[in-house]
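First comes the structure, then the notes that go with it.
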Amino acid sequence: MSQRKPIDVYLKPAGGWDALKSSWHALHEQQVVMKGASTLLRTNQPAGFDCPGCAWPDRNKHSTFEFCENGVKAVANEATSKRVTREFFAAHTVAELAQHDDHFLEAQGRLTEPMQYDADSDRYVPIGWDAAFATIATALNALASPDEAIFYTSGRASNEAAFLYQLFVREYGTNNLPDCSNMCHEPSGVALTEQFGSGKGSVLLEDFELAEAIFIFGQNPGTNHPRMLGELREAAKRGCRIVAFNPLRERGLERFANPQVPADMLPGGQGVRIASDYFQPRIGGDLAVAMALAKVVVERDAVDREFIAAHTRGFDAFAASVRAARWDELERESGLTRAQLEHAAQIYIDSNASILCWGMGITQHHRSVATIQMLGNLLLLRGNVGKPGAGPCPVRGHSNVQGDRTMGIYEKPTDAFLDSLGAEFGFAPPRAHGFDTLDAIAAMRDGRGKVFFALGGNFATATPDTAQTQAALRNCELTVHVSTKLNRSHLVHGRSALILPCLGRTEIDLQAAGPQAVTVEDSMSMVHLSAGMNAPASEMLLSEPAIVARLAAATLPRSRTPWLALVEDYDRIRDRIARVVDGFEGFNQRVRTAGGFHLHHPNRERAFPTRDAAAQFFVHPLAAATGMDAALLTLMTVRSHDQYNTTVYGFDDRYRGVHGLRRVCFISREDLQRHGFADGELVDIVSVWNEGGRVQEREVHGFRLVEYDIPAGCLAAYFPETNPLVPLESYAERARTPASKSIPVRLRKAAAP
Ligand SMILES: Nc1nc2c(c(=O)[nH]1)N[C@H]1C(S)=C(S)[C@@H](COP(=O)(O)OP(=O)(O)OC[C@H]3O[C@@H](n4cnc5c(=O)[nH]c(N)nc54)[C@H](O)[C@@H]3O)O[C@H]1N2
Ligand SMILES: Nc1nc2c(c(=O)[nH]1)N[C@H]1C(S)=C(S)[C@@H](COP(=O)(O)OP(=O)(O)OC[C@H]3O[C@@H](n4cnc5c(=O)[nH]c(N)nc54)[C@H](O)[C@@H]3O)O[C@H]1N2
Ligand SMILES: [Mo]
């Protein structure tokens, strides 16, 4: 792989033979060729397990296997035959392991037994499960207040695990439930709840078959939601307009060859064109883009008056605000010309049913909530909500991140949810709101957070401001990670630390009543079963629900919840969920119908349960005053094709033409010249942040500049190598998502090595 030039240009369509080759390589590397192949055939099948890759829904209509290269990588890495054993830990001190990169840690394979940190030898040593739970229970019960404990969740946890977990945390006495959503689609939830009365997208897969136009903002499906390309390919073929807004020309948005369609795989084939129109706004320019489109719709009087009168509030003020918006400002802020913006607006006007999709390119900015509400305004103008083929489509990340929130993983639960939870389990849940991810970091740093427990994820690496976050974790009395794989968070630990290894999605989960299935909710609110079929990676693994239940039983001896009985048969957990969570009536029956069930979404019937029972137009000024130094550049941190968040599978980013490197920084030719750098030169990236008059600088070192088709003033580099640059104080207004796609930076020649 690595004999080739580090940087080239990828001219083939996304997908195709390279996707097959890369999948085979992933299976081979993890030594799962035989098992992996049969495992893969059960991915996203009615009787199989939910792919741990992403939250894009399944096509249950056809029960044929849906191929996805990055799904294969996710499955192969879980079904790997490599193991991290007690001998491995005995052979390496934590200080030694910390010298290795994230790829090395992941490549060691699956964790096999509970381990406890031993400070004297600086090693993890084996501990029994009961002793591990007793250790955590003692630490939790010794705290002055339950609010000194923090319980993080990553979005792979099943509904059953998540429900039990939040119940345990609330019976213990706190709402300190930060989760990966805080760093991800939080602004979508905040914006949509206020605007439409529900924080979830309302479109279904069948809407993709009916849309006349699909707009994709700040999302890279070729890498992060490859199965979405199948949907887009079909739409493009039937003449649906697909309009992409992205500072980078992402290959997967341009052309796609579906490996399961023989015609696409013919030699020299160019696949199917995906985006009919591709616009490259500047980073953070989408608020202006959406406002400009709305301006044209209003000024050309292309609005749906009936819909607006019947279902919305605030139209007049909104229409006045966009009429008043000035083209020179819209052009400057968006980075697109008036002609381009008018062209995009006309596509929107010509379509009778439009879907607006978005991803992290929209949510990880200071004005994310305003931007999403401007997209919402655009939908409302033409009645594109609650109509076949139309609606908002925030494309979620982790495979069950949406379900975890539905199950109550939320630091700001509603009173209605807590009332219902308390009534079912006979306790008084705490009412004060808890810590989100940023609060949690500050609390640990300041000594107010003393025990950190993580159900999955990699908190030390995924969060912003790595130096502060890692110091915060080290400041804890106890850190505990429920994990499948070794990662940095195990090495950046509190004074005491535990690693609790758990079953993955692909594995058989055997409890007293027999093999168990769990449930998940995808990005389109479909809830379905997931049952593993591989033998567990080790006999010592427990399921996540079992870990939570045994921890709860150890910590809360007076709890009235029958913790251990609930996990004997997950139907019992689901019966409780059915009584507590809206929309889950008859859960056990409904989830057993083929393909599962759809959670009722009021917007689909044009019901908008906001405060005044109508959808809301919001006025959001452009407010360009960022106070930013004009000499600075804006850096976005994105995923490469060979990673899953903090998990680094490999060092290639095929569609962007990068091979064997991750420390790269994409830059325009114009900026190379303007700032006096050459293509290929090594630089340090310095972020510059003005916090209340105090200028803070943070730096990362040794990034290779890659001349790239990206707007002037904009840079791109990979997450998580660049997380040290994101200030804790730099986040989305009102949603507090780290602004990891708009980091003000300057470049400096790298210091000689
Ligand atoms: N294989 C794989 N699959 C994944 C993941 C993974 O890491 N690997 N992660 C999962 C998770 S948790 C999530 S949240 C999703 C993430 O999926 P995406 O939302 O696709 O995430 P990113 O790679 O961060 O890419 C964001 C895109 O937004 C663009 N962008 C950045 N800033 C702006 C902007 O200001 N405006 C516009 N218009 N575009 C912008 C970038 O160029 C990039 O194409 O994927 C999920 N699926
Ligand atoms: N700069 C920057 N930072 C970002 C982002 C960005 O775009 N730029 N994206 C943000 C986003 S969108 C997200 S969602 C977060 C992700 O943040 P997290 O969800 O915290 O991180 P992941 O890398 O997904 O977590 C990977 C770890 O999860 C564990 N794991 C995998 N499968 C399982 C399982 O089945 N059970 C359990 N218990 N553990 C499992 C493994 O040990 C693995 O090492 O990062 C955020 N951080
Ligand atoms: Mo995410």
Side-chain angles (χ1 to χ4, degrees), residues 29-32 35 76-139 152 154 451-461 470-471 473-504 506-507 534-544 546-547 550-551 554 646-650 720:
E29 200 171 52
Q30 299 304 323
Q31 299 158 17
V32 282
K35 190 165 76 170
N77 276 51
E78 187 176 296
T80 180
S81 55
K82 302 179 187 175
R83 298 287 179 270
V84 176
T85 59
R86 57 169 74 186
E87 290 76 24
F88 172 86
F89 283 114
H92 304 279
T93 63
V94 169
E96 234 177 279
L97 290 174
Q99 301 299 313
H100 289 284
D101 65 13
D102 296 330
H103 177 256
F104 171 90
L105 299 177
E106 167 71 18
Q108 300 315 303
R110 290 287 299 276
L111 295 161
T112 50
E113 63 177 312
M115 303 297 290
Q116 179 172 36
Y117 180 66
D118 171 53
D120 291 337
S121 63
D122 187 35
R123 283 179 170 82
Y124 274 99
V125 297
I127 180 174
W129 279 108
D130 284 334
F133 294 130
T135 304
I136 305 167
T138 305
Y152 176 70
S154 168
V451 173
F452 176 82
F453 185 101
L455 186 64
N458 187 3
F459 194 87
T461 306
Q470 299 199 350
L473 286 167
R474 290 201 165 94
N475 202 24
C476 287
E477 284 169 15
L478 171 67
T479 50
V480 184
H481 288 89
V482 179
S483 312
T484 51
K485 290 294 197 72
L486 188 62
N487 67 40
R488 185 79 38 203
S489 297
H490 306 134
L491 311 178
V492 180
H493 53 78
R495 279 182 286 287
S496 308
L498 290 161
I499 304 174
L500 307 181
C502 65
L503 292 174
T506 54
E507 290 163 329
N534 289 342
S538 147
E539 282 174 5
M540 305 272 290
L541 302 183
L542 292 183
S543 75
E544 291 178 323
I547 291 174
R550 287 178 61 177
L551 173 61
T646 66
T647 301
V648 177
Y649 299 136

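Residues take their numbers from the sequence shown, with the count starting at 1. Computation of the quantities below employed the complete heavy-atom set of this structure, encompassing side-chain atoms and omitting hydrogens, waters and symmetry-equivalent molecules.
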With side chains defined as the heavy atoms from C-beta onward, is the minimum distance between [X] and [Y] less than 4.5 Å?
X	Y	result
K82	Q30	yes
L500	L551	no
L503	E544	no
I547	F133	yes
T135	S496	no
E78	R110	yes
P126	P114	no
H481	H493	no

Let me confirm one number: the [atom1]-[atom2] distance from [X] to [Y], rounded to the nearest 0.5 Å.
X	Y	atom1	atom2	answer
L473	R488	CG	CZ	12.5 Å
T112	F89	OG1	CZ	7.5 Å
Y117	R495	OH	CZ	12.5 Å
Q470	F459	CD	CZ	11.0 Å

Item to check | H100 and L491: CA distance, side-chain angles, deciding distance, side chain to side chain contact (heavy atoms under 4.5 Å, CB included) verdict | outcome: CA-CA 11 Å; H100 289 284; L491 311 178; over 6 Å; no
Next on the checklist: Please identify which of these residues, I499, N487, T484, meets the side-chain contact (heavy atoms from CB on, under 4.5 Å) condition with L111.
Outcome noted: I499
Next on the checklist: Consider side-chain hydrogen bond (donor to acceptor under 3.5 Å, both in side chains). Of N458, T461, D102, which one does T646 pass it with?
Outcome noted: N458
Checklist entry - Relative to the ring of H92, is the ring of F88 parallel (under 30°), tilted (30 to 60°) or perpendicular (over 60°)? => result tilted
